[in-house]
Amino acid sequence: MAENEWLSKDFYKVLGVSKDATDDEITKAYRKLARKYHPDLNKTKEAEEKFKDISEAYDVLSNKDNRQKYDAIRQFGMGGARFAGGSGAGGFDAGAFSDIFGSMFGAGAGAGAYGTGGNGSRIRFQTGGGNPNINDIFSMFGGGAGGPAGAGNPYGGSYEQAAQPEDGEDRNSKINLTFRQSVKGATVSLSADGKKFKTHVPAGVRDGQKIRIPGKGKPGRNGGKNGDLYLQINVAEDPKFSLRKRDIIMDLPITVGQAVAGAKVTAQDIDGNEVTFKVPAGSSSGTEVRISGRGVANRQGDGDLIGRVQIRIPDKPSLKVKHAAKEFDKECGDFADELAKER
């Protein structure tokens with residue numbers, strides 16, 4: 001932006017800070033607004049224009065020299081220096097001009113309607129309309145004021161585009177959990193960029209699942225937000241328990257007599273606590289019996305502990321047991337024949 005546009009721009013108002021704001025306050029205000037109006041985050045036309053305005057404001061106010069010149073020019077334009085109407089040397093109050101610009105040039109601008117340019121030449125101010133010609137004012141800084149924005153800086157050097165906020169990249173990591181940790185949830189220690197931190201893995205995570213940890217990816221740049229960390233969960237198998245949605249499944253071995261007559265069968269849950277399953281009469285292998293509320297507990301609700309019936313017989317039954325088994329089959333009538341048809 002050319003400096004002759006500064007009179008129409010209130011950069012302090014654009015950033016929402018006072019005129020005596022510190023550098024830190026200006027930077028914080030810019031970053032806050034940049035996150036709100038950045039085109040990657042806010043797709044509206046209004047946001048795009050707003051982002052350009054706050055970038056222009058920050059580009060000037062974050063530079064000490066530019067801010068000093070901006071403040072002086074704004075003061076000058078709002079009546080800080082006095083110019084009288086008419087023509088001739090008496091129309092310009094050099095004392096007032098010196099008050100504003102003296103610290104920038106090391107001396108007053110000169111007497112009458114003349115000032116000294118950056119190249120040592122004398123410049124006459126136009127005072128016919130009661131106000132000086134702004135192009136004459138800017139020419140005193142060492143160059144013309146009317147060049148296009150970004151083409152050059154009348155104070156020397158060139159303008160630089162305000163750095164755009166960039167979000168940090170995401171990271172990927174892995175962690176190994178026991179089956180019990182996956183069921184109950186766990187607090188685990190992780191590290192990123194040499195810094196350790198703790199995070200909570202929710203109850204009910206599954207093997208291969210990924211959970212997102214916001215802000216623990218690579219750092220953002222120029223006020224952009226940090227990336228996220230995606231943590232892949234590896235769950236060790238358990239010889240006794242498995243997971244089905246929020247239900248914990250376990251095998252429940254019982255005898256033929258318990259399956260036929262029904263029984264109350266005790267077992268241990270995943271915490272080692274004793275629980276009792278009610279096995280109904282006539283249960284077969286594969287029948288599932290459950291205890292409510294003993295599964296995974298999370299925000300979706302509480303799962304159950306499910307015992308999957310497995311009818312077991314001795315590896316080496318005695319003659320008496322074999323005879324009893326045959327008698328049992330006889331008492332069951334056509335049941336053996338019905339099973340044969342299913343096979």
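Index from 1, following the sequence.
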Does any N or O in the side chain of [X] come within less than 3.5 Å of the main-chain N or O of [Y], such that one atom is a donor and the other an acceptor?
| X | Y | value |
| --- | --- | --- |
| His38 | Phe51 | no |
| Gln209 | Arg206 | yes |
| Asn226 | Gly220 | yes |
| Asp247 | Asp304 | yes |
| Gln181 | Thr178 | yes |
| Gln258 | Thr255 | yes |
| Asp10 | Tyr12 | yes |
| Asn222 | Gln164 | yes |

Can you tell which of Lys218, Lys225, Arg221, Arg35 makes a salt bridge (Lys or Arg N to Asp or Glu O under 4.0 Å) with Glu166?
Arg221
Hey, could you give me the CD1/CZ distance between Ile54 and Arg31, rounded to the nearest 0.5 Å?
13.0 Å
Straight-line distance of Ser191 OG to Lys196 NZ, nearest 0.5 Å
7.0 Å
Is the shortest side-chain N to carboxylate O distance from [X] to [Y] below 4.0 Å?
| X | Y | result |
| --- | --- | --- |
| Arg171 | Asp193 | yes |
| Glu327 | Lys330 | yes |
| Asp251 | Arg312 | no |
| Asp271 | Lys184 | yes |

With a 6.0 Å cut-off (strictly less than), is the heavy-atom count around [atom1] of [X], excluding the residue itself, greater than 12?
| X | atom1 | result |
| --- | --- | --- |
| His323 | NE2 | no |
| Phe197 | CZ | yes |
| Asp329 | CG | yes |

Is there a side-chain contact between [X] and [Y], using heavy atoms and a 4.5 Å cut-off?
| X | Y | value |
| --- | --- | --- |
| Leu177 | Val201 | yes |
| Arg212 | Asp170 | no |
| Arg180 | Val183 | no |
| Tyr70 | Asn66 | no |

Do Asp24 and Thr22 pair up side chain to side chain, a donor and an acceptor below 3.5 Å, judged on atom types alone?
no
Mind checking side-chain hydrogen bond (donor to acceptor under 3.5 Å, both in side chains) for Ser284 and listing every partner two or more places apart, or none if nothing turns up?
none
Under the side-chain hydrogen bond (donor to acceptor under 3.5 Å, both in side chains) rule, collect the residues that match up with Arg308, sequence neighbours excluded.
none
Closest heavy-atom pair and its distance - [X], [Y]:
| X | Y | result |
| --- | --- | --- |
| Ile311 | Ser283 | CD1-O, 3.6 Å |
| Pro214 | Asp228 | CA-OD1, 3.2 Å |
| Gly224 | Pro165 | N-CB, 3.8 Å |
| Val289 | Pro280 | CG1-CD, 3.7 Å |
| Val60 | Phe11 | CG2-CE1, 3.6 Å |
| Lys322 | Pro317 | CE-O, 3.5 Å |

Run the side-chain contact (heavy atoms from CB on, under 4.5 Å) check on Ile306 and Arg244 step by step: do they pass?
CA-CA 10 Å; Ile306 295 177; Arg244 187 177 67 197; 3.3 Å; yes
Apply ring pair (Phe, Tyr, Trp, His ring centres under 6.0 Å) to residues Tyr30 and Tyr58 and explain how you reach the verdict.
CA-CA 7 Å; Tyr30 166 72; Tyr58 180 70; 4.1 Å; yes
Axial cation check for Phe277 ring with Lys264, 6.0 Å and 45° limits:
no
Could you go through residues 229-238 and list every donor-acceptor pair under 3.5 Å that involves a side-chain atom there, pairing it with any protein atom two or more places apart or in another chain?
residue : atom : partner : partner atom : Å
Asn234  : ND2  : Asn176  : OD1          : 3.4
Asp238  : OD1  : Lys240  : N            : 2.8
Asp238  : OD1  : Phe241  : N            : 3.0

Would you sort out whether Val188 and Thr199 count as a side-chain contact (heavy atoms from CB on, under 4.5 Å), showing the intermediate values?
CA-CA 6 Å; Val188 297; Thr199 191; 3.7 Å; yes
